[in-house]
Every structure is written in structure tokens, then in C-alpha cells.
2 protein chains.
Amino acid sequence: MAQKIKLSTIAEALNVSTATVSLALRDSPLVADATRERIKEHARTIGYIYNRRAASLRTSRSGIVGVVVHDIMNPFFAEILRSIESELDRSRQTFLLSNHYDQLEKQRTFIDTLLQLGADGVIMSPAIGTPAADIQLAEANGLPAVLIARSVEDADVPVFRGDDAYGIGLATNHLISLGHRRIAMIGGTDQTSTGRDRYRGYVMAMEAAGLPVETRWRIPGPRTKQAGFEASQQFLALKDKPTAAVCWNDLVAIGLMNGIARAGLVPGVDVSVTGYDDLEEAAIATPALTTVWNGQREVGRRAARTLLDRLNGVEVHGGQELIRPELHVRQSTGKPVER
Amino acid sequence: MAQKIKLSTIAEALNVSTATVSLALRDSPLVADATRERIKEHARTIGYIYNRRAASLRTSRSGIVGVVVHDIMNPFFAEILRSIESELDRSRQTFLLSNHYDQLEKQRTFIDTLLQLGADGVIMSPAIGTPAADIQLAEANGLPAVLIARSVEDADVPVFRGDDAYGIGLATNHLISLGHRRIAMIGGTDQTSTGRDRYRGYVMAMEAAGLPVETRWRIPGPRTKQAGFEASQQFLALKDKPTAAVCWNDLVAIGLMNGIARAGLVPGVDVSVTGYDDLEEAAIATPALTTVWNGQREVGRRAARTLLDRLNGVEVHGGQELIRPELHVRQSTGKPVER
DNA sequence: CTGAAAGCGCTTACAG
DNA sequence: CTGAAAGCGCTTACAG
């Protein structure tokens, strides 16, 4: 690798100042057209590489936006990420991705890295137990934050998430209207705002219909296909086995249906199952999954836009913005069959 | 946000030089223990944030490693990424992730960003059509590269991937040994080294067993669950319908099985299906999928280690390193049933 | 429209 | 063991 090419290399070769080169490369109208073209042409031919670290040290804007979620491999987040990506792409921000796997320490390390790199902002689905102080620390050091999927109490930043209580109510009421009276709730945890809201939505719907809510019908925990698959055993062994299951998300629902099928029962007939999120996969599952669309693309798009607005100095108010979910009925739910 | 805290803030407060502070914070043995502790303690209490841009401008090491793959949401890559992540984590490198969706332009933009940020290295699954020159450009500008999953002709860098011809041979031979004679190959493309190798492995196994290879039994293209699902129609309408299908990967296989089930046939009985990759999902599919373990974790781990070696100045030789796949037999394959 | 000079916040020889 | 000074490669007032 030859001598490093920098602004001054170009400046010397063309007999102009580095200031002129700098301005020309950034298409400043201050530079005469001819000069600008000459400079850009030369930069291209000698293979000049812009040094963003140097620029950012000077300007204190880095062009980096951090995104941290529980797990990027989870298709729910994957769909959100895709829409954040496409939104950010057009603004020429680089996005730095990370998982925290719900470990506060990992999340802190990532935020620290962003601060060190002088990132312009962060979009995060906060790890379980994130204190408001962690977010305030970021904000206080010039790293504006926008939350997705989960909220953090007392953190005065914008939050975009689905209306979980309402959404799970749609699924529960759908089952009730089909005639189900014993309905289980599988998966989720009380440690997240989402978990609490969904359970509350389920209980409210049951009670509004005058149906009993048995604590043993709740199997908390599962959030993955594998865990849903394993939960099927517990579900099938339940005394007064429910005829339907409201699942935490599509992954749990699909796993549960696989487990039910493995046990020789027919999901959608012997047991009605609802999912949540409406992943691409829901429509091609067997049977096709009745589920609640959770507005992933919308969440990602609005979170990204809001952050970009903040970066551009637009005044943005904190607080939750709830996306309204929709029920998508398919083949995994039907009238109850008693055997 | 108050006055920005920097090295000199600490130096002035404690009446030492910035050099001493800099050394102390990086645990240099050159600094007396007492001084070091005093400095670190003070840095902590006033909330000092290390400015990596400034440091990296000076040292020309950034602590950033780029990783770019076709699609991080694809579980095959997801598993590779997880192992890269855990390997990189212990070396305190930050990793910058990106998708290129097989678009050369996106890949180029990403590599360019890495160069501008002064990244230390890149691990990539090259986009279809990546010329060796793209990789040489990176290397020439001080960005060492390591390839995963696909190779690029004439690029003299380390490559880690599975032995695809051998692996698909395992699946094909398994079906042949069960008595299948008409075997389809679903998915994949001739535009990637992986695609060519897998098709070659299938053809070789068929010919070695003296079986005919009909071009209409090949349905190229599908690489996703959705596409596999859609391909089932074409497959089921085939003249002399094959009794088994070797699929490009687990996603295609699961999609295909869903499509077969939707048509009223029983996958694993009426049609035997094999996958490729052995994703976590393969074991809980219905029926459980017979597939070929493709060594994702191994690929990620070794690619990351090799890159870290290069960063530490260890001499590394270019060229392919093939991970040997293994057949995992489950319920989706059985003796042929003629109707 | 263009140039000379200062400065962003670190680290690294070098001197003591 | 510690300090004074130069320099990494940009951008930004300021002057002309």
C-alpha cells in the first residue's frame, strides 16, 4: 500500500488549498464549477478515500446511528430492522446493529461504544430492566434515543410500539366469538411492558365475556418456536384442557402447533391457536395462522423518521405512540370441538 | 449538556499531563499504581467518555470489524453471525453489520463506509458477481478481508465454507439408498459457487447410481420458505412426479413440505424431502426434517479467528477451507410410495 | 471564488 | 515515572 492519499495530496497536485478541495468534494457552491470538477475527477482517478474519523472529529457528527434490539435474528425485529434500514439508507446514515439478548451489560457496552464513536443517535428496544438513567445518560452525552417495541418508565423519549392490550383483545374476542370458553395464554413475561399489557388484554377480554380466568391456563415464558414446541406438552396435559390458546407471538404459535400435530391432534380443529405479529411466515404455516398484525414496518419507519427529525433539529415530543393492530383470520382457529 | 470532558480536563484537575492520563486509562505499566488509580477514579466520577475517533485518527486502528452478508434475517447467516459475534466479543472489537441483498452496489457502499471509518477488517459473504477487484481494492487500502459461504475466483483471501458437493451428495445418496429413483432438486442458482457445487454434487450422486437426471426435475431459484411453498405447485404438477426432493436449504424444504401438506399429501410419506443447513428449526418442523448440517457455527468461528489473526499480524494463507458436512436423518424421508 | 491558519481530542516518540 | 510538543486528516471561520 502506497503513500496514504489525503486532502493535501490532491491540493498539492492541483495547486489549490485543502480548504478548496474539502469544499469541492462536498459540492459546495462556493467553489467554481470548473475547479470542482477538476478536483473531483482527480480524486476519483487517484483513488482518494475520505477519512470520516478526521471529519467527524472536527464536525462532531459521525453519520452513525446505532440500533440495538433483543435479537436481530428474531423475525419480529428483523421486519422492524428492514424498515429502519430502508428509511436510514436514503439519509446516508450508516447503521450499527447489535443484540443485547436482554442483558443490561451488553446494552450498556453498546451504548458506550456509540458514545465513544460519537454516534448521532440510537434506536433501541430496551433490555428488560433498563433504568431510565441509562437512557438519560445517553441523552445527556448528546446521543438522542428513540424506543421501539417496549417502553421504559420515566424516560422522556419517543416510543413506538403496538397497542398490545387492544391487539391481544382482538385475538381473545375472536376465539370467544367462535364459542371457546376455556382459553389458555401461552408465553410472554411480566418483566416487560409488552408482556404485562398483553396479559392484561387477555384477562380483560375474558372477564368482559364473563369467562373464568384460571391461573393454570397461563404458561408464561415461551417466546420462541422451540419454546412453544416444548410448551405443547404442558398445554396438552392441562386438567380441563382449554380448547384454544392465545400465543405470545407467531413463533410460539407455530411451535405449539407443531407440538400439537406431533401428538396426533390437528391444530385449527382440535385446538384453535392464535399468533401475534403476523410474520411473513404466518401465512404459509400449516395450518395458516390466525394472528394479529403488529405494525412492524410502521414501527420501524416512524422510529427512524423521528430520530432523523431529532438529528435535524426538529422539536420532537417524548411519549408513547401506539400503532393499532389488526386481526388476520386464517385457518388455525375454528369452533371448539369437545372430545 | 455541560462542557465536554476530555483528557485534558482530567489532566488539569489532577495536575498531571495528558500523556499520563492517556497512559493511565489504558493501564500502561509506565504509570505508577497510585497515579493510575487516582486518574481512573476521577475519570469515572466525572463521567469521562473516551473519544475513539480522536484515538483512531492518531493510531489508525478503529476497533471496528465489518460483517456483510446477503441477508442477516436469513437463519443460515444468523447462526454464522452469532458465532462471529461471540468470537469478536472477547476481543473488544465492535462489529458493524450490513445486508447487501446480493446487490453489488450496496456491498460497495458498505465497503466504502468501512474504509472511510478506518475499519480494521471485513468478513463477507460476497454478493453474486463480486469481482476479485472489489476485494483487492479493500485489501489495498488496508482492509483485510475474509470470505464466508461463497468464494470469489482469483481473490487471494481466506474462505470458509461447507463442502457443498459432498454435502448434497450425502442427502442424495440417502434418498437413493431408500429406493428413490426419481429425485428432484429444488432451489439454488448457478450464479454462486455454492449453487454450482450443490447441483454438481446432486448430478454426480445420481449418475454414480446409474439414475437418470431429467432437467425438468430441477426447479432452480427458491431460497426462502415462501419460494419453497410456491415451488410445491410446480413440483406436484411434474410429469413422472419424483418421489423425493433434494432441497437447496431447510427453508425451501419446510416451505415445500407446507405446500405438499396443503395439497393433501403427507410429506415424509408421499414425498420424501431433504433440507440443507440443519437450522434449529429443522428438528421441530412437522415432520422433523432430514437435512445436512453445514457447520455454520464452525464457519463463523474460524472466519472470525482468522481475521483476528490477520489483525494481530499473524501470517495467514489465502484459499478455501471446506468444512465437512454431516447427514442428520429424521422423519421427512422414507421409502418411496407409488400411487 | 480561494487560501492560511487554527483546532477537533487523542497518542507517541523524546527528553528528563 | 512524568511532561512538553508534534501530528493524525479533516473543516471552519476569517481575510482577501
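Numbers restart at 1 for each chain; the letters A, B, ... are given by sequence-line order, proteins then strands.
- Shown here, D:dG3 forms a base pair with C:dC14; the pair counts as Watson-Crick or G-U wobble because both key distances fall under 3.5 Å.
- Position along DNA chain C of the nearest nucleotide to B:Thr18 versus A:Thr18 favours A:Thr18 as the more 5'-ward residue.
- Spacing between atom CG of B:Leu7 and atom P of C:dC8 amounts to 13 Å, rounded to whole angstrom units.
- Between A:Tyr48 and the phosphate of D:dC10, there is a side-chain N or O to OP1/OP2 separation shorter than 4.0 Å.
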Residues B:Thr94, B:Arg52; criterion side chain to side chain donor-acceptor pair (under 3.5 Å); working and verdict
CA-CA 12 Å; B:Thr94 299; B:Arg52 256 158 85 154; 3.0 Å; yes
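- For A:Arg26, a side-chain nitrogen or oxygen approaches OP1 or OP2 of D:dT11 to under 4.0 Å.
- In this entry the distance linking CZ of A:Arg53 with C1' of C:dT11 reads 14 Å, nearest Å.
- Comment: B:Arg302 engages B:Glu321 in a salt bridge, judged by a side-chain N to carboxylate O separation of less than 4.0 angstrom.
- Rounded to an integer number of Å, the gap from B:Arg61 CZ to C:dT12 C1' is 17 Å.
- OP1 or OP2 of D:dG3 sits under 4.0 Å from a side-chain N or O of B:Thr20.
- Between the side chains of A:Gln107 and A:Tyr101, no donor-acceptor pair is found at a separation under 3.5 Å.
- Residue B:Thr35 has a polar side-chain atom (N or O) positioned under 4.0 Å from OP1 or OP2 of D:dT2.
- A residue-by-residue look at B:Arg58 and B:Leu23 shows that B:Leu23 has its nearest nucleotide of DNA chain D further toward the 5' end.
- Here the P atom of nucleotide D:dT11 and the CD1 atom of A:Ile10 are 11 Å apart, to the nearest Å.
- Computed from coordinates, the A:Glu12 CD to C:dG3 C1' distance equals 14 Å when rounded to whole Å.
- For the pair B:Arg36 and B:Ala54, nearest-nucleotide mapping onto DNA chain D gives the more 5' position to B:Arg36.
- One finds a side-chain N or O of A:Ser22 lying less than 4.0 angstrom from the OP1 or OP2 phosphate oxygen of D:dT11.
- At a threshold of 4.0 angstrom between heavy atoms, the contacts of A:Ser56 with the nucleic acid are absent.
- As rounded to whole Å, 8 Å separates atom C1' of C:dC8 from atom CG of B:Asn51.
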Stepwise side chain to side chain contact (heavy atoms under 4.5 Å, CB included) test for B:Arg82 and A:Met73:
CA-CA 9 Å; B:Arg82 248 194 257 274; A:Met73 290 76 166; 3.7 Å; yes
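- With A:Ser193 as the partner, the side-chain contact (heavy atoms from CB on, under 4.5 Å) test is satisfied by one option alone out of A:Arg150, A:Glu153, A:Gln320: A:Arg150.
- Residue-level contact check: A:Ala19 touches the bases, meaning some heavy atom is under 4.0 Å from a base atom.
- Spacing between atom OH of B:Tyr50 and atom P of C:dC8 amounts to 18 Å, rounded to whole angstrom units.
- Nucleotide C:dG9 holds its C1' atom 13 Å from the CG atom of B:Leu25, rounded to whole Å.
- Counting any heavy atom pair closer than 4.0 Å across all strands shown, A:Asn15 reaches sugar-phosphate atoms only and no base atom.
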